[in-house]
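Everything below concerns the one structure shown next.
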Amino acid sequence: MRSNTKNKNTIKQGPSPLAPVESLIRKLEKVLGKLRVGSGAEKRVQEQLNALQYAQEWMTGAGSVGRQITNSERQEMMRVIMAMIRVTQKMKNKFAVGTAQHTLLRNRLVGLRAAHAALRESAPKE
(Lines give C-alpha, C1' and ligand atoms only; values in the text may rest on other atoms or scores of the structure.)
Protein backbone atom coordinates (compact mmCIF):
# COMPACT_ATOMS: atom_id res chain seq x y z
CA MET A 1 0.00 0.00 0.00
CA ARG A 2 1.32 3.39 -0.98
CA SER A 3 1.40 6.20 1.52
CA ASN A 4 -0.33 9.39 0.51
CA THR A 5 1.93 12.25 1.59
CA LYS A 6 -0.58 14.98 0.83
CA ASN A 7 -2.72 16.07 3.72
CA LYS A 8 -6.16 17.04 2.45
CA ASN A 9 -6.65 19.37 5.41
CA THR A 10 -3.70 21.64 4.64
CA ILE A 11 -4.37 25.09 3.33
CA LYS A 12 -2.87 25.78 -0.06
CA GLN A 13 -0.26 28.52 0.20
CA GLY A 14 -0.42 31.29 -2.37
CA PRO A 15 2.57 32.56 -4.26
CA SER A 16 5.11 34.83 -2.67
CA PRO A 17 4.00 38.38 -3.49
CA LEU A 18 7.52 39.30 -4.58
CA ALA A 19 7.63 36.83 -7.50
CA PRO A 20 4.72 38.37 -9.47
CA VAL A 21 6.08 41.89 -8.82
CA GLU A 22 9.48 40.89 -10.19
CA SER A 23 7.82 39.22 -13.18
CA LEU A 24 5.77 42.33 -13.91
CA ILE A 25 8.87 44.53 -13.62
CA ARG A 26 10.65 42.38 -16.22
CA LYS A 27 7.60 42.57 -18.51
CA LEU A 28 7.37 46.36 -18.21
CA GLU A 29 11.10 46.74 -18.91
CA LYS A 30 10.64 44.71 -22.08
CA VAL A 31 7.62 46.78 -23.17
CA LEU A 32 9.39 50.06 -22.37
CA GLY A 33 12.12 49.24 -24.87
CA LYS A 34 9.55 48.91 -27.66
CA LEU A 35 7.69 52.19 -27.08
CA ARG A 36 8.33 55.46 -28.86
CA VAL A 37 10.30 57.85 -26.67
CA GLY A 38 8.14 60.68 -25.37
CA SER A 39 4.83 58.96 -26.06
CA GLY A 40 2.04 58.83 -23.50
CA ALA A 41 2.33 55.06 -23.36
CA GLU A 42 6.04 55.31 -22.59
CA LYS A 43 5.35 57.77 -19.78
CA ARG A 44 2.63 55.52 -18.29
CA VAL A 45 4.81 52.40 -18.43
CA GLN A 46 7.73 54.32 -16.90
CA GLU A 47 5.48 55.44 -14.01
CA GLN A 48 4.33 51.86 -13.45
CA LEU A 49 7.89 50.56 -13.56
CA ASN A 50 9.15 53.23 -11.17
CA ALA A 51 6.36 52.53 -8.66
CA LEU A 52 6.91 48.77 -8.76
CA GLN A 53 10.68 49.07 -8.45
CA TYR A 54 10.36 51.32 -5.42
CA ALA A 55 7.81 48.95 -3.84
CA GLN A 56 10.12 46.02 -4.59
CA GLU A 57 12.91 47.77 -2.68
CA TRP A 58 10.63 47.97 0.37
CA MET A 59 9.42 44.40 -0.05
CA THR A 60 13.00 43.08 -0.05
CA GLY A 61 14.06 45.24 2.89
CA ALA A 62 16.38 47.49 0.88
CA GLY A 63 13.93 50.39 0.89
CA SER A 64 14.79 51.74 4.30
CA VAL A 65 18.34 52.48 3.12
CA GLY A 66 17.55 53.13 -0.55
CA ARG A 67 16.36 56.19 -2.37
CA GLN A 68 14.14 58.67 -0.62
CA ILE A 69 10.96 60.03 -2.18
CA THR A 70 8.60 62.82 -1.23
CA ASN A 71 5.14 62.16 0.14
CA SER A 72 3.56 63.42 -3.11
CA GLU A 73 5.74 61.01 -5.13
CA ARG A 74 4.65 58.18 -2.83
CA GLN A 75 0.99 59.15 -3.26
CA GLU A 76 1.43 59.19 -7.05
CA MET A 77 3.07 55.74 -6.96
CA MET A 78 0.20 54.41 -4.86
CA ARG A 79 -2.29 55.90 -7.35
CA VAL A 80 -0.47 54.19 -10.24
CA ILE A 81 -0.48 50.82 -8.49
CA MET A 82 -4.17 51.16 -7.54
CA ALA A 83 -4.96 51.79 -11.21
CA MET A 84 -3.01 48.64 -12.11
CA ILE A 85 -4.97 46.69 -9.48
CA ARG A 86 -8.32 47.87 -10.90
CA VAL A 87 -7.37 46.95 -14.48
CA THR A 88 -5.96 43.57 -13.42
CA GLN A 89 -9.10 42.76 -11.38
CA LYS A 90 -11.29 43.63 -14.35
CA MET A 91 -9.18 41.45 -16.66
CA LYS A 92 -9.13 38.54 -14.20
CA ASN A 93 -12.94 38.44 -14.17
CA LYS A 94 -12.93 37.80 -17.93
CA PHE A 95 -11.15 34.45 -17.60
CA ALA A 96 -12.50 31.19 -16.20
CA VAL A 97 -11.13 30.01 -12.87
CA GLY A 98 -8.39 27.47 -13.41
CA THR A 99 -7.14 28.86 -16.71
CA ALA A 100 -3.54 30.03 -17.00
CA GLN A 101 -4.63 33.60 -17.62
CA HIS A 102 -6.83 33.67 -14.52
CA THR A 103 -4.06 32.22 -12.36
CA LEU A 104 -1.49 34.69 -13.74
CA LEU A 105 -3.77 37.63 -13.01
CA ARG A 106 -4.71 36.30 -9.55
CA ASN A 107 -1.02 36.01 -8.67
CA ARG A 108 -0.33 39.45 -10.15
CA LEU A 109 -3.09 40.90 -7.94
CA VAL A 110 -1.41 39.40 -4.88
CA GLY A 111 1.85 41.08 -5.89
CA LEU A 112 0.25 44.43 -6.72
CA ARG A 113 -1.61 44.53 -3.42
CA ALA A 114 1.60 43.71 -1.56
CA ALA A 115 3.41 46.43 -3.52
CA HIS A 116 0.69 48.92 -2.57
CA ALA A 117 1.01 47.90 1.08
CA ALA A 118 4.80 48.29 0.88
CA LEU A 119 4.40 51.82 -0.42
CA ARG A 120 2.00 52.61 2.40
CA GLU A 121 4.52 51.22 4.89
CA SER A 122 7.31 53.31 3.37
CA ALA A 123 5.65 56.51 4.56
CA PRO A 124 7.65 58.17 7.33
CA LYS A 125 6.33 57.44 10.80
CA GLU A 126 5.01 60.53 12.55
Side-chain angles (χ1 to χ4, degrees):
M1 184 169 133
R2 228 169 56 175
S3 160
N4 187 356
T5 57
K6 287 188 179 182
N7 181 352
K8 293 179 183 176
N9 296 326
T10 58
I11 297 171
K12 185 176 179 181
Q13 293 292 323
S16 161
L18 192 55
V21 170
E22 291 171 341
S23 172
L24 190 50
I25 287 172
R26 286 190 304 272
K27 179 183 179 222
L28 290 172
E29 287 171 340
K30 222 180 205 183
V31 167
L32 191 60
K34 297 177 182 182
L35 296 174
R36 187 171 44 93
V37 175
S39 68
E42 188 229 13
K43 181 182 177 214
R44 190 170 45 257
V45 169
Q46 187 60 56
E47 287 174 344
Q48 293 171 344
L49 186 57
N50 188 40
L52 287 174
Q53 287 172 335
Y54 188 76
Q56 179 191 33
E57 290 173 20
W58 277 91
M59 292 169 76
T60 59
S64 57
V65 294
R67 62 183 162 145
Q68 298 298 313
I69 61 170
T70 65
N71 195 41
S72 63
E73 289 172 321
R74 180 177 297 98
Q75 292 298 323
E76 180 61 18
M77 288 179 182
M78 290 173 67
R79 184 198 62 75
V80 166
I81 290 180
M82 280 307 297
M84 294 172 74
I85 289 171
R86 283 191 299 276
V87 169
T88 304
Q89 182 65 52
K90 197 182 282 188
M91 291 293 294
K92 184 185 98 160
N93 293 336
K94 294 182 178 186
F95 296 102
V97 175
T99 62
Q101 296 93 339
H102 186 273
T103 303
L104 171 76
L105 294 171
R106 183 193 65 215
N107 293 344
R108 190 169 286 169
L109 277 170
V110 168
L112 287 170
R113 288 179 179 135
H116 189 266
L119 285 173
R120 207 173 35 247
E121 301 252 335
S122 73
K125 307 298 180 234
E126 295 177 10

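Atom set for the values below is all heavy atoms of this structure, side chains included, hydrogens, waters and symmetry mates excluded. Please read these numbers as outputs of a predicted model, since none were measured by experiment.
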Item to check | N93: side-chain contact (heavy atoms from CB on, under 4.5 Å) partners, not counting sequence neighbours | outcome: Q89
Checklist outcome for this item: Tightest non-hydrogen contact, residues M59 and A115, listed as SD-CA, 3.9 Å
Checklist entry - How long is the gap from CD on Q56 to CD1 on I25, to the nearest 0.5 Å? => result 4.0 Å
Item to check | Interatomic distance, R106 atom CZ to Q101 atom CD [nearest 0.5 angstrom] | outcome: 13.0 Å
Next on the checklist: Test question: given the 4.5 Å side-chain rule for I, L, V, M, F, W and Y, name all other residues clustered with V87, or answer none.
Outcome noted: M91, F95, L105
Item to check | All pairs passing salt bridge (charged side-chain N to carboxylate O under 4.0 Å, His left out) where residues 79-88 contributes a residue, at least two apart | outcome: E76-R79
Checklist entry - Which value, rounded to the nearest 0.5 Å, describes the distance between M82 atom CE and Q75 atom CD? => result 12.0 Å
Checklist outcome for this item: On a heavy-atom basis, the closest approach of V31 and V45 is CG1-CG2, 4.2 Å
Checklist entry - Once you round to the nearest 0.5 Å, how far does CG of L24 lie from CG of N107? => result 12.0 Å
Checklist outcome for this item: Note: A51 and V80 closest approach over all heavy atoms is CB-CG1, 4.4 Å
Item to check | Heavy-atom check, side chain of W58 versus side chain of L119, under 4.5 Å | outcome: no
Next on the checklist: Which residues pass the side chain to side chain donor-acceptor pair (under 3.5 Å) test with S122, not counting sequence neighbours?
Outcome noted: R74
Next on the checklist: Using 0.5 Å steps for rounding, measure from the NZ atom of K27 to the CG atom of L52.
Outcome noted: 11.5 Å
Next on the checklist: Going by side-chain hydrogen bond (donor to acceptor under 3.5 Å, both in side chains), name the pairs with one or both residues in residues 34-50, residues two or more places apart or in two chains.
Outcome noted: N50-R67
Item to check | Residues which pass side-chain contact (heavy atoms from CB on, under 4.5 Å) with L104, listed by chain and number, not counting sequence neighbours | outcome: R108
Checklist outcome for this item: Hits for side-chain contact (heavy atoms from CB on, under 4.5 Å) against S23, two or more places apart or cross-chain, chain-then-number order -> R26
Checklist entry - If every non-hydrogen atom of A55 is compared with every non-hydrogen atom of A118, which pair is closest and at what distance? => result O-CB, 3.9 Å
Item to check | Residues in side-chain contact (heavy atoms from CB on, under 4.5 Å) contact with A117, at least two apart in sequence or another chain | outcome: R120
Next on the checklist: According to side chain to side chain donor-acceptor pair (under 3.5 Å), who are the partners of S72, at least two apart in sequence or on a separate chain?
Outcome noted: T70
